[in-house]
Amino acid sequence: MARYAFKDVDRKWQQIWADRGSFRVAEDAARPKYYVLEMFPYPSGRLHVGHARNYTIGDVLARYKRAKGFNVLHPMGWDAFGLPAENAAMANKVHPAVWTEENIRVMGEQLRLLGLSYDWGREIATCRPDYYRHEQKMFLDFLKAGLAYRRESWVNWDPVDHTVLANEQVIDGRGWRTGAVVERRKLTQWFLRITAFADELLAAIETLDEWPDRVRLMQENWIGKSVGATMLFDLVGRDDRLEVFTTRPDTIFGASFCALAADHPLVLSAAEGDAGLAAFIAECRALGTSEAAIETAEKRGYDTGLRARHPFLPDVELPVYAANFVLMDYGTGAIFGCPAHDQRDLDFARKYSLAVIPVLWPQTHRCYSDAEAADLPESLRAAFDGDPVQTAADGATVFHVGTTAYSDTGLAAYRYNLGHLTDKPVLSVAEAKAIAIAALEKADAGTGAVTFRLRDWGVSRQRYWGCPIPVVYRVSDGVMVPVPEDQLPVALPDDVEFDKPGNPLDRHPTWKHTTCPETGEPALRETDTFDTFVESSWYFLRFCSPDSDVPFDEAATGYWMPVDQYIGGIEHAVLHLLYSRFFTRALKACGYRVADEPFARLMTQGMVVHETLQTAGGDWVYPEETGERDGALVRLADGAPVTRGRLEKMSKSKKNVVGLEAMVDGYGADTVRLLLLSDSPPERDLEWTEAGIEGAWRYANRLFRLITEPAVDLPPPGTPLPDGLSAAAQSLRALAHKTVAAVDADFAGFRFNRAIARLRELTTGVAEFAPQGPADGWALREASEALVRLVGPMMPHLCEELWQHLGHADTLLLDAPWPEVDLALLAEDTVTVAVQVNGKLRATLTLPRDVDKAVAEEQALAEDNVVRAMAGKPPRKVIVVPNRIVNVVV
RNA sequence: GCCCCAGUGGCGGAAUGGUAGACGCGACAGACUCAAAAUCUGUUGUCCGCGAGGGCGUGCUGGUUCGAGUCCGGCCUGGGGCACCA
């Protein structure tokens, strides 16, 4: 049995592509361009099959577009700065640069094993000075344009290591290395002014109509535009006023308290005379900086003793709480609480026994206050806890807020006609908001306002392995001075130690000591480095002109940009993609010529997941550490029983990684590629299984044998269509042409799994084809070539080999055009029509295409099974959908 | 807590509102073989029936429709994101 020698074949064609420079590209105004980009990887170590999925999808598209006549740019590089390199440095005493470059080397070799059509001449690594010096230049431009600035901001602080922790390094509120309770601490940090573009970034989402809806929605929510009002409350016994932001100014008459972030200046000053409050603030700070941690914590507050006067009801004084659920970064860091109409406020009010005052309710209902509700039967009161709207025993509809807030927006009855601000008893919430805002403005107690959830992008990191921020601080007066462009790059020093915690740049004996470029006086360098998202916010521009002396050559980006198809994980749906969209706009504001939107089309692929193995104690176990004993799976080292756990994303920590190299070594690149494309639609997670790779391997061999052992001698390539094709040959032609059309559509829509299913059907069609006469070899060649050409983007090595086998000695499959579809072969003469009785299938009919409706109806009603199902009743109605279905309603 | 996504045979999945389960995996039976592997052929949602055929079936539950896996409402379960992981 002939097997395909994948090792030789893979090596042979990779060598030929490399020798011919097949994947080198340059701008060519005569041809349409297509820029395919997969999110570049962090060089973490070895590639596993999960990485390979992303690149395989991109490669299929790149090869497909090339066959369709496009000038395809398909580059690859390394997102090479980041925390893991420093962790490795601490754990293994290896320099981050050495560790990273070694990983790049190994992963580059592994990527090459897959036969990906990259223009490797454009490879970039963001940790190299010839990349990051351009980033420093752009930062200086941002600084000049006012798009970069410094202010104080909170970080997670490990009090034992004296180091800043990433959210990832905070586990259950404790530092991952020291186990010490993490604090929030304020540092002066650099920010990029992404909020300057908040409205623009939000509005332009509408133009991204080739992005997945859910990514667009996530970005919208992230930017989080809220229209509402800022309000000013007089503070009892003080001169200053409290400013709060609200999206529901119409509920001001239901206010029963104010709540401030624990770090609000008013809280901090109140804490000076209140040890309990100071302790409360400390507790809030121990929650860390992540929103998830803050929002999932039990809602708690502390009465500051301050009292805020209601802007419209001078007699009403609201208690002012410090609260752990109010975020200092959002709005003004202060809210008023209206418990009846906000669930979180209600939970808080019930906990601290604050008033719950409904101000609006469904217009036809009777509203009960807490006091009135107390007299109601227990059953009805309990019902209000789930839903404020209930039917009383006498049939009346009543309204009372128990433990569920009423936050519907629509037409509503407003208590006191919104405090006599209007004559109308019934208003829409939108009208009521406008009335409340007008009244606030008239009373000089507030104004309409828009707030965004989006915050400016904090880019300072107190770490070594990142791009240095190119500014210095003069020692004499502390003035910040940008490093002049001609002194770039500010390069990282090589001689650093990781034996102590904290930022090695800050500890370095000499690096930070320099002179002021303006005065020559002693100065200290900024020792913070950039967030690694800064590098990935513009790498797609650098790929267009990777050797340019400027950040990017505008002629090159003018030709290649935008990226026509961007491919990456959904985990980047917000940050990376939003930062990149911001970067193009910020660059434009600095005078660079660049399109607003960097990525025209986006596809987010799912993860590759794999079975995990775990002991009862929860230890993850490598498959090779286990064995069978007495019919049970155990860990060989200690005999502990091992169970198959759930499917997880491949990761070192879960010990479920399937190495790419071993799979390519065992089955060849094309078999691995086929499995990654065939088993799931690309957006969904894909389970890697042994059975799956075996199945793909069988197909590779089947295809190899099919083409290398044809049922009949084929005419030479390019022979014109002969006369006298048999009926079997005609139907093989129809199948081939239908498959081309369908695969074309599948590729365009990223339905690779569907395309492969169709190609398997064509494979079966070719295998089962029995030539009837001398002319039939022509149809077999046509179908075989179509099959090889169509499978080619997915299994490029094997198909090049088969293409050669089909007699194409001089031209590569890579450069062969996509097959043309003969539309005349697609139309079928007859169709199968389903016949239903009352929606249930009772028969199928074979009818001429586009037959008259009356004929279809007549034949349907004549079917035995249809007659039986109608049980002698006359048809009340017959629906005929041409070429599809006849539904008889009786 | 907030936001998002997904639930279809034993498994991965297919199905412009129109024949649910394409294609593959697995399983079972058979062919080839001394035997095994590989390969090839057939069967395979489930229940009733000798058969013809029929009942049930796309997480649950209501609705729209001649017709719902698909559209709408209410749930349930699982997964992802939440600003210093990349």
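Side chains included, hydrogens not; waters and symmetry mates left out as well; all remaining heavy atoms used. Here is the naming used below: chain letters follow the sequence lines, and residue numbers restart at 1 for every chain.
- Base pairing of B:rG9 is not made with any nucleotide, judged by Watson-Crick or G-U wobble geometry with both donor-acceptor distances under 3.5 Å.
- In this entry B:rG26 has B:rU44 as its Watson-Crick or G-U wobble partner, both defining distances falling under 3.5 Å.
- Scanning atom types as modelled, no donor and acceptor separated by under 3.5 angstrom connect the side chain of A:R876 and the base of B:rC66.
- When distances run from any side-chain atom of A:N156 to the nucleotides B:rC4, B:rC25, B:rC84, the shortest one goes to B:rC84.
- Checked against B:rG18, B:rA83, B:rG55, the side chain of A:K840 finds its nearest nucleotide in B:rG55.
- Candidate nucleotides B:rC66, B:rG1, B:rG12 were compared by shortest atom distance to the side chain of A:E687, and B:rG12 ranks first.
- Taking only distance into account, the side chain of A:Q219 never meets the base of B:rC3 through a donor-acceptor pair shorter than 3.5 Å.
- When ring centroids are compared, A:F6 and A:W697 come within the 6.0 Å threshold.
- Residue A:Y699 is out of contact with every strand shown, counting any heavy-atom pair closer than 4.0 Å.
- Relative to the side chain of A:L454, the nucleotides B:rU19, B:rG67, B:rA83 differ in distance, and B:rA83 lies closest.
- Remark: P of B:rG55 and CZ of A:R868 are 11 Å apart, rounded to the nearest angstrom.
- One P atom belongs to B:rC56, the other to B:rC3, and the distance between them is 40 Å to the nearest Å.
- Among the atoms of the strands shown, base atoms are found under 4.0 Å from some heavy atom of A:Q836.
- Panel note: side chain A:E183, backbone A:R285; no donor-acceptor pair is recorded below 3.5 Å.
- In this structure, CG of A:L675 is placed 12 Å from P of B:rG13, rounded to the nearest angstrom.
- Atom CZ of A:F530 and atom C1' of B:rC85 are 20 Å apart (whole Å).
- OP1 or OP2 of B:rA14 has at least one side-chain nitrogen or oxygen of A:R684 nearer than 4.0 Å.
- Ring-centre distance between A:W211 and A:Y566: not below the 6.0 Å cut-off.
- Comparing the C1' positions of B:rU58 and B:rU77 gives a spacing of 16 Å, expressed to the nearest Å.
- Distances from the side chain of A:L83 to the nucleotides B:rC40, B:rC56, B:rA86 place B:rA86 closest.
- Following rounding to the nearest Å, A:F325 (CZ) and B:rG1 (C1') show an atom-to-atom distance of 11 Å.
- Nucleotide B:rG67 forms no Watson-Crick or G-U wobble pair with any nucleotide shown, as no partner meets the under 3.5 Å limit on both distances.
- The CG atom of A:L677 lies 6.5 Å from the CD1 atom of A:I57; values are rounded to the nearest 0.5 Å.
- Separation of the C1' atoms belonging to B:rA31 and B:rG24 is 23 Å when rounded to the nearest angstrom.
- Within the structure, a side-chain polar atom (N or O) of A:T532 is placed less than 4.0 Å from OP1 or OP2 of B:rA86.
- In this structure, CH2 of A:W222 is placed 12 Å from C1' of B:rC2, rounded to the nearest angstrom.
- Of the two residues contacting RNA chain B, namely A:E768 and A:D79, the nearest-nucleotide position lying further toward the 5' end is that of A:E768.
- In this entry B:rC2 has B:rG81 as its Watson-Crick or G-U wobble partner, both defining distances falling under 3.5 Å.
- Distance check on atom C1': B:rG7 versus B:rG59 gives 6 Å, rounded to whole Å.
- With distances taken from any side-chain atom of A:Q462 to the nucleotides B:rA83, B:rC40, B:rC84, the minimum falls on B:rC84.
- Of the candidate nucleotides B:rC4, B:rC82, B:rG12, B:rG12 has the atom lying nearest to any side-chain atom of A:D679.
- Using N1 to N3 plus N6-O4 or O6-N4 for Watson-Crick, or N1-O2 and O6-N3 for G-U wobble, each under 3.5 Å, B:rG21 pairs with nothing.
- Base-pair partner of B:rA52: not found among the strands shown (Watson-Crick or G-U wobble, both distances under 3.5 Å).
- For B:rG67, the OP1/OP2 oxygens have no side-chain nitrogen or oxygen of A:N838 closer than 4.0 Å.
- Regarding A:R884, its CZ atom lies at a distance of 10 Å from the C1' atom of B:rA15, rounded to whole Å.
- At the phosphate of B:rG12, neither OP1 nor OP2 sits under 4.0 Å from any side-chain N or O atom of A:S680.
- Remark: C1' of B:rU39 and CZ of A:F704 are 15 Å apart, rounded to the nearest angstrom.
- Taking the six-membered ring where the residue is Trp, the centroids of A:Y132 and A:F81 are separated by under 6.0 Å.
- Residue A:N865 places at least one side-chain N or O under 4.0 Å from the OP1 or OP2 atom of B:rG54.
- Of the candidates A:Y539, A:F540, A:Y131, A:Y55, A:Y539 is the only one forming a ring-ring contact (aromatic ring centres under 6.0 Å, His included) with A:F40.
- Put simply, NE2 on A:H572 is 21 Å from P on B:rC4, counting in whole angstrom units.
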(message) side chain to side chain contact (heavy atoms under 4.5 Å, CB included) for A:I879 and A:V889? Distances and angles first, verdict last.
(response) CA-CA 8 Å; A:I879 289 126; A:V889 185; 4.3 Å; yes
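- Looking at the side chain of A:N221, the nearest of the listed nucleotides B:rC3, B:rA22, B:rG12 is B:rC3.
- Between B:rA86, B:rC82, B:rG13, one nucleotide has an atom nearer to the side chain of A:P681 than all others, and that is B:rG13.
- Phosphate contact (OP1/OP2 of B:rC84, side-chain N/O of A:R461, threshold under 4.0 Å): present.
- When the side-chain nitrogen and oxygen atoms of A:R698 are compared with OP1 and OP2 of B:rG26, one or more of them lie within a distance under 4.0 Å.
- Across all strands, A:R455 comes closer than 4.0 Å to base atoms (heavy-atom distances).
- Residue A:R842 places at least one side-chain N or O closer than 4.0 Å to OP1 or OP2 of B:rG54.
- Within a 6.0 Å radius of NZ in A:K351, more than 12 heavy atoms belonging to other residues, nucleotides or ligands are found.
- Taking every side-chain heavy atom of A:R453 into account, B:rC82 is the closest of B:rC82, B:rU19, B:rG13.
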